[in-house]
2 protein chains.
Amino acid sequence: MHKGFVKQLFNVKQITKYNIRNSLRRIFLYHGLLVRLSSMGVTRVFSFTLAGGTGVTPEQVRKDFSEYGIRGNRRGGYLTSSLLKELEALFNRDRISNVILVGMGNLGQALSKYGLFIQRGINIVATFDIDPFKQKARADDIVYPPERLQEIIDRFHVNVAIVAVPDISAQEVCNELVNMGIRGIVNFSPVLLKVPEYVVVTNVNLSDEIESVIWSVSRMKEEQSLFL
Amino acid sequence: MHKGFVKQLFNVKQITKYNIRNSLRRIFLYHGLLVRLSSMGVTRVFSFTLAGGTGVTPEQVRKDFSEYGIRGNRRGGYLTSSLLKELEALFNRDRISNVILVGMGNLGQALSKYGLFIQRGINIVATFDIDPFKQKARADDIVYPPERLQEIIDRFHVNVAIVAVPDISAQEVCNELVNMGIRGIVNFSPVLLKVPEYVVVTNVNLSDEIESVIWSVSRMKEEQSLFL
DNA sequence: CATTTTATGTGAGAAGATTCACATAATAAA
DNA sequence: TTTATTATGTGAATCTTCTCACATAAAATG
């Protein structure tokens, strides 16, 4: 029985083929910065502009661009507008992507109102929750019951779901979503979701992020106290 | 003038020395899983238990432990309770850490109510916002004005702040926090904060996470359509 | 139009992270 | 007590990522 439990944990498909490379992660960073620079009226950027704004080195920016076949002017850097277009074409973001959001607890509600998504072409077409109390919301902010998941996934051709449900129900919700055709999940619960190999999962673990900073700070203080 | 702007962007101190290593990132993952397993009554774990629950390989778990001097029983795996203690001792989490939260917009409010923090020993001692409207909250949920930052940072010996303010004010808030003694920042705004080298910043970029999943899914679909 | 300046693009080397393979020790079984 | 089993611990090999150095081209200058 305990053995069975362990087995189950072990039977997880690793995402290897569709793992995001570091260079592509940074491409997203550059893109985010570029969107902001562009809205500020900056028409031309250099590798060191992007590097400084994202915390990497200029040669890394160029290397990353080189990897994805993006080229600038040997002296004039990159034109903001065309670079933006190239980056967006690179990751199919030339149009808006529809996603759904499941779980309208505190975090879910915050995410549903998060203004920066739409700025980046991420459109939350519908939000869902099992709790009937959360469903009766104001007109501008409809929360659907899970029964309507399939309908809306189909209608809006949704591939990607944001999951912000309690950890106990995360796996169950995930299974349903996958059955209904979802192929990518952004998981805010602290459990590892078991999915078929054709489904991509990215985990956002808020506790871990904060813990890592706490650790770095205390490590730093320790080292500095050695010099006293 | 444009030149000046670029210069400013370039003058960012890179965190190199205190950059979190991948192995340590995973240690946080193991810890999170272990907390859950422990609360489920699991008394003994194996490298493959932790591996399966976090999505890495068993050898990597062992290698990570080895790097930080954590050892198990050659056949019996690891005792949950003592492993937990060792991990927590490793990153100074044997007691609760006090942090503050600045910016009580949608995201900030959600974070302030996020139940998993306290489970992991992260205690938000106070929340802050400039908006006086947000300050007059219910008794269980006080939001302080920025004027009281210094007082509370000193009183609770706070080193780490969560910053969830709009991107326009992020750098300004960050500067103030650093002046008041904050040494670690978890930044939810999409701007790169410029900080002295003795301050640690971790960025949580929600848009990027979602975009990366969208990208992976569409890339996958593209490849699969080749086989039709 | 030649020269200088400045940013890009990239090969080569270095550093870092992961996997493999297997010796080792603790436990269980005989 | 001896033997068999099973999980750990870690050097070596591999694979990935990053940095350095410099050739190269575009623009600016004289």
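Bear in mind the structure is a predicted one, so any value in this text is a computation, not a measurement. We name chains A, B, ... by the order of the sequence lines, and we start the count at 1 in each one.
Remark: A/Arg25 pairs with B/Glu209 by the side chain to side chain donor-acceptor pair (under 3.5 Å) rule, at least two apart or across chains. With sequence neighbours left out, B/Ser38 forms a side chain to side chain contact (heavy atoms under 4.5 Å, CB included) with B/Thr80, B/Leu84. Every ring pair (Phe, Tyr, Trp, His ring centres under 6.0 Å) that B/Phe65 has, sequence neighbours left out, goes to B/Tyr30, B/Tyr78. Residues passing the side chain to side chain donor-acceptor pair (under 3.5 Å) test with B/Gln119, sequence neighbours excluded: none. Looking at residues two or more places apart in sequence or on another chain, you find a side chain to side chain contact (heavy atoms under 4.5 Å, CB included) between B/Ile124 and B/Val99, B/Leu101, B/Phe117, B/Thr127, B/Ile162. Among residues two or more places apart in sequence or in another chain, the side chain to side chain contact (heavy atoms under 4.5 Å, CB included) test is passed with B/Ser66 by none.
Dashed line: the shortest gap from a side-chain N or O of A/Ser47 to OP1 or OP2 of C/dA7 is not under 4.0 Å. Phosphate contact (OP1/OP2 of D/dT19, side-chain N/O of A/Thr57, threshold under 4.0 Å): present.
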Under 3.5 Å, side-chain donor or acceptor atoms of residues 183-193 of chain A against the rest of the protein: list the pairs with distances, not counting sequence neighbours.
{"residue": "A/Arg183", "atom": "NH1", "partner": "A/Val178", "partner atom": "O", "Å": "3.4"}
{"residue": "A/Asn187", "atom": "OD1", "partner": "A/Ser189", "partner atom": "N", "Å": "2.9"}
{"residue": "A/Asn187", "atom": "OD1", "partner": "A/Ser189", "partner atom": "OG", "Å": "2.9"}
{"residue": "A/Asn187", "atom": "ND2", "partner": "A/Ser189", "partner atom": "O", "Å": "3.2"}
{"residue": "A/Asn187", "atom": "ND2", "partner": "A/Val191", "partner atom": "O", "Å": "2.9"}
{"residue": "A/Asn187", "atom": "ND2", "partner": "A/Asn203", "partner atom": "OD1", "Å": "2.8"}

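As a whole-Å value, the separation of B/Tyr78 OH from D/dT6 P is 18 Å. B/Leu79 has its CG atom 12 Å from the P atom of D/dT8, to the nearest Å. Here the P atom of nucleotide D/dT8 and the CZ atom of B/Arg71 are 12 Å apart, to the nearest Å.
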Measure all distances between protein nitrogen or oxygen atoms and nitrogen or oxygen atoms of nucleotides 13-17 of chain D, and list the pairs falling under 3.5 Å.
{"residue": "D/dT17", "atom": "OP2", "partner": "A/Arg21", "partner atom": "NH2", "Å": "2.4"}

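Between the side chains of A/Gln60 and A/Asp64, no donor-acceptor pair is found at a separation under 3.5 Å.
Side-chain proximity of A/Phe48 to D/dT10, C/dA7, C/dT10: nearest is C/dA7.
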A correct 5'-to-3' footprint of nucleotides 21-30 of chain C, with B, S and - meaning base, sugar-phosphate only and no protein heavy atom under 4.0 Å, is --BBBBBS--
